Amino acid sequence: LADGEVDYPRNFALLFLAATVCQLATAFFVATLREPIRVAESRGSAPTAALRALPEALGDGRFRRVLLFRGLLSLAALVDPFLIIFAASRLGAPASAVGGYVVAFVAGRLLAGPLWVALAARQGEKAALQLSALLRLIPPLLALLLLYLPGSDFYRDWIGDREPLTIAFGVAFAALGASMAGQARSNFGYLAEAVPARLRGAYAGLTNALLAVLALAPSAGGLIADQRGYEALFLLGAGIGLLAVFASGALPETFVRTSRAAGGWNRPRAAVAGRRR
């Protein structure tokens with residue numbers, strides 16, 4: 001987009017055409033996959049089952065805490081679509097920086113994947129969700145910092161150039177990618193641990209229904225940014241994200257730690273006692 005050899009709108013048309021071809025190729029390869037075993041759909045997974053389970057789900061205090069956390073974490077995403085717009089309009093990031101931000105996002109998501117698996121195995125899905133909520137605080141807080149940093153005497157005297165701001169803002173996208181990887185890894189993993197097995201499908205459907213409504217949050221973020229500015233938008237996003245961190249601490253503990261007997265290497269105690277006798 002920055003070489004100037006292809007004029008607008010043809011440059012964007014070519015870019016979108018390439019993305020469409022990639023999406024069609026992905027859809028084709030997924031459609032040609034064959035599952036080795038076809039599992040029959042149970043009655044409990046029907047949409048009507050979720051409606052029947054609604055009173056029981058809303059009456060479950062554990063599930064309400066999960067819904068509160070997931071709702072706050074989804075609302076905190078109202079700042080996500082405006083991060084690149086903020087970088088271009090307020091930090092002076094060039095169009096070529098967008099590719100670097102996307103790379104930082106993808107790298108954060110890929111590199112954090114094994115770390116989330118290890119953390120969930122050692123500390124449980126709740127710990128992974130708590131750390132994911134903490135990482136989501138980085139983008140709005142970093143944006144607020146970079147918003148006021150160029151006006152400080154220290155920055156004007158020692159740096160002055162805006163390019164370091166553009167580079168430093170890539171940390172926000174890396175943290176966002178890592179946070180989304182943790183959420184994708186542990187959201188429904190924790191839900192599967194926290195709710196009764198017979199109602200997991202229904203509870204997951206109700207959670208998705210709530211998240212579908214909250215997916216409209218960026219529209220409200222656009223109104224806030226237009227009327228109040230980026231400062232109000234990022235302050236609101238950081239405040240909601242902080243509430244999500246507090247809500248993650250109220251999640252029920254579902255991780256079971258197993259302890260080994262001294263010198264027993266997880267052998268049954270009866271066998272150890274019999275050997276002693």
Side-chain angles (χ1 to χ4, degrees), residues 45 47 49-83 105 109 112 116 119-120 123-141 143-144 172 175-197 199-225 228 232-255:
S45 62
L51 295 177
R52 291 195 301 267
L54 181 60
E56 183 176 354
L58 296 179
D60 187 348
R62 296 163 62 93
F63 182 57
R64 288 200 303 269
R65 280 182 273 176
V66 174
L67 279 182
L68 176 62
F69 168 72
R70 293 293 305 278
L72 289 172
L73 202 61
S74 297
L75 281 177
L78 84 168
V79 304
D80 294 354
F82 305 97
L83 293 175
F105 174 82
R109 185 155 189 164
W116 291 124
L119 178 62
Q123 302 294 331
E125 306 290 353
K126 177 182 175 180
L129 290 177
Q130 288 181 292
L131 186 55
S132 297
L134 282 173
L135 287 176
R136 181 162 272 284
L137 288 174
I138 294 179
L141 292 179
L144 287 172
L176 183 61
S179 175
M180 293 184 68
Q183 295 173 49
R185 166 66 178 78
S186 298
N187 271 332
F188 286 101
Y190 177 82
L191 185 64
E193 295 177 352
V195 304
L199 294 174
R200 286 174 183 170
Y203 279 36
L206 293 174
T207 303
N208 285 333
L210 173 66
L211 298 182
V213 176
L214 296 179
L216 300 175
S219 300
L223 294 176
I224 295 172
R228 299 291 182 177
L233 175 64
F234 292 138
L235 280 174
L236 178 62
I240 296 175
L242 186 60
L243 291 177
V245 172
F246 292 147
S248 69
L251 291 175
E253 187 63 57
T254 60
F255 183 64

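Keep in mind the model is a prediction, meaning the values are calculated, not measured.
- Judged by distance alone, the side chain of S132 and the main-chain N or O of A128 form a donor-acceptor pair under 3.5 Å.
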Yes or no on side-chain contact (heavy atoms from CB on, under 4.5 Å) for V66 and T207, after CA distance, side-chain angles and deciding distance? CA-CA 9 Å; V66 174; T207 303; 5.5 Å; no
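- Under a cutoff of 6.0 Å and an axis angle of 45°, R65 and F246 do not form a cation-pi pair.
- Here the straight-line distance linking atom CG of L191 with atom CZ of R70 works out to 7.5 Å at 0.5 Å rounding.
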side-chain contact (heavy atoms from CB on, under 4.5 Å), that's the test. Do F234 and L83 meet it? Break it down for me. CA-CA 9 Å; F234 292 138; L83 293 175; 3.9 Å; yes
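- Closest approach of S248 and F69 over heavy atoms only: CB-CE1, 3.4 Å.
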Could you give me the CA-CA distance, side-chain angles and deciding distance for L176 and I138, then say whether side-chain contact (heavy atoms from CB on, under 4.5 Å) is met? CA-CA 8 Å; L176 183 61; I138 294 179; over 6 Å; no
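- Closest approach of G189 and E125 over heavy atoms only: C-CG, 4.0 Å.
- K126 contributes no side-chain N or O that, together with a main-chain N or O of Y190, makes up a donor-acceptor pair within less than 3.5 Å.
- Here the side chains of R228 and L233 are not in contact, with every heavy-atom distance at 4.5 Å or above.
- Here the OG-CG distance, from S186 to L129, works out to 5.0 Å after rounding to the nearest 0.5 Å.
- To the nearest 0.5 angstrom, F82 atom CZ is 9.0 Å from I224 atom CD1.
- A pairwise comparison of heavy atoms in P140 and G237 identifies CG-C, 4.4 Å as the closest pair.
- With hydrogens and angles disregarded, no donor-acceptor distance shorter than 3.5 Å links the side chain of W116 to the backbone of A184.
- Among all heavy-atom pairs drawn from F188 and A204, the shortest one is CE2-CB, 3.8 Å.
- Counting heavy atoms from C-beta outward, I240 and R136 have side chains that stay 4.5 Å or more apart.
- Atoms CG and CG, on L236 and L78 in that order, are 5.5 Å from each other to the nearest 0.5 Å.
- Once rounded to the nearest 0.5 Å, the distance linking CG of L242 with CG of L137 reads 6.0 Å.
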Evaluation steps, side-chain contact (heavy atoms from CB on, under 4.5 Å), between Q183 and L73: CA-CA 9 Å; Q183 295 173 49; L73 202 61; 3.4 Å; yes
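- Note that the CD atom of Q123 and the CD atom of E253 stand 9.0 Å from one another [nearest 0.5 Å].
- In plain terms, the two heavy atoms of S74 and L211 that are nearest each other are OG-CD2, 3.0 Å.
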